[in-house]
Amino acid sequence: VTSIECRINCDIQNVEYAFYLNIDGENVEQQWYSNENRTIFKLNYDRTKLHTVVFFVRGKKGDIHSKNIDLNQLEIDF
């Protein structure tokens, strides 16, 4: 595996999406807010460390919802 595709499924209209890739708690890449509900992160980092994707949805009133998902290290090729 050389990259991971991240996608947010959201039924709410007129929202923006953002994505962060964290390695051992440090933000190493980000996709800033846009209308695009998906992004691709290349897995160029130390794969023995914890990889976490943080998903954000921002509503038109500025309200922000987020969710973190840890990648299963057994599914990442070494």
Side-chain angles (χ1 to χ4, degrees):
V1 176
T2 60
S3 63
I4 181 168
E5 180 178 352
C6 307
R7 179 185 308 260
I8 299 173
N9 296 319
C10 181
D11 294 331
I12 302 169
Q13 300 294 319
N14 301 316
V15 296
E16 293 180 306
Y17 307 95
F19 304 85
Y20 290 0
L21 176 63
N22 293 336
I23 308 297
D24 270 356
E26 180 181 340
N27 186 27
V28 295
E29 283 192 57
Q30 60 274 330
Q31 170 66 45
W32 298 109
Y33 283 102
S34 74
N35 294 328
E36 185 64 45
N37 72 335
R38 68 181 192 97
T39 193
I40 296 175
F41 290 120
K42 293 187 188 273
L43 298 176
N44 299 334
Y45 303 95
D46 183 346
R47 295 179 182 209
T48 63
K49 296 182 178 181
L50 177 64
H51 287 53
T52 303
V53 177
V54 185
F55 301 84
F56 298 91
V57 177
R58 180 171 65 187
K60 58 184 172 182
K61 294 181 181 179
D63 50 318
I64 297 173
H65 305 275
S66 66
K67 182 176 182 176
N68 299 354
I69 297 180
D70 294 337
L71 300 182
N72 183 341
Q73 289 177 297
L74 297 176
E75 294 178 358
I76 300 175
D77 283 340
F78 285 95

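If you read the sequence from its start, that first residue is 1, and numbering goes on from there. From a predicted model like this one, the values you see are computed outputs, not experimental measurements.
- Between the His51 side chain and the Lys49 main chain, a donor and an acceptor come within less than 3.5 Å of each other.
- Through direct or indirect side-chain contacts shorter than 4.5 Å among Ile, Leu, Val, Met, Phe, Trp and Tyr, Ile40 is connected to no other residue.
- Here Leu21 contributes atom CG and Lys42 contributes atom NZ; the two are 13.0 Å apart, rounded to the nearest 0.5 Å.
- Under the 4.5 Å side-chain contact rule for hydrophobic residues, Leu71 and Phe56 do not share a cluster.
- Scored by the ring-ring contact (aromatic ring centres under 6.0 Å, His included) test, Phe41 finds no partners at all (sequence neighbours excluded).
- Interatomic distance, CG of Asn37 versus CG of Asn35, reported as 10.0 Å (0.5 Å rounding).
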Next item on the list: Take Tyr45 and Glu29 through the side chain to side chain donor-acceptor pair (under 3.5 Å) test and state the conclusion after the steps.
Entry: CA-CA 11 Å; Tyr45 303 95; Glu29 283 192 57; 3.1 Å; yes

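- Remark: the Thr52 side chain and the Asn68 side chain contain no N/O donor-acceptor pair separated by less than 3.5 Å.
- Between Thr2 and Leu43 the shortest side-chain heavy-atom distance does not fall below 4.5 Å.
- Expressed to the nearest 0.5 Å, how far CZ of Phe19 lies from OG of Ser34 amounts to 7.5 Å.
- Looking only at side-chain heavy atoms (C-beta outward), Asn22 and Val28 stay at 4.5 Å or farther from each other.
- In this structure, the side chains of Val54 and Lys67 stay at 4.5 Å or more apart for every pair of heavy atoms.
- Outside the 6.0 Å centre-distance limit, the rings of Tyr17 and Phe55 are not counted as a close aromatic pair.
- Taking the side chain as every heavy atom from C-beta outward, Val57 and Ile64 never approach each other to under 4.5 Å.
- Nearest heavy atom pair, residue Ala18 against residue Ile8, reads O-CD1, 4.4 Å.
- Every residue two or more places apart in sequence or in another chain was checked for a salt bridge (Lys or Arg N to Asp or Glu O under 4.0 Å) with Glu26, and none qualifies.
- Around CD of Gln13, the count of heavy atoms belonging to other residues, nucleotides or ligands within 6.0 Å does not exceed 12.
- Rounded to the nearest 0.5 Å, atoms CG (Asn44) and CD1 (Ile23) are 9.5 Å apart.
- With values rounded to the nearest 0.5 angstrom, Ile12 atom CD1 is found 10.5 Å from Lys60 atom NZ.
- Looking only at side-chain heavy atoms (C-beta outward), Trp32 and Tyr20 come within less than 4.5 Å of each other.
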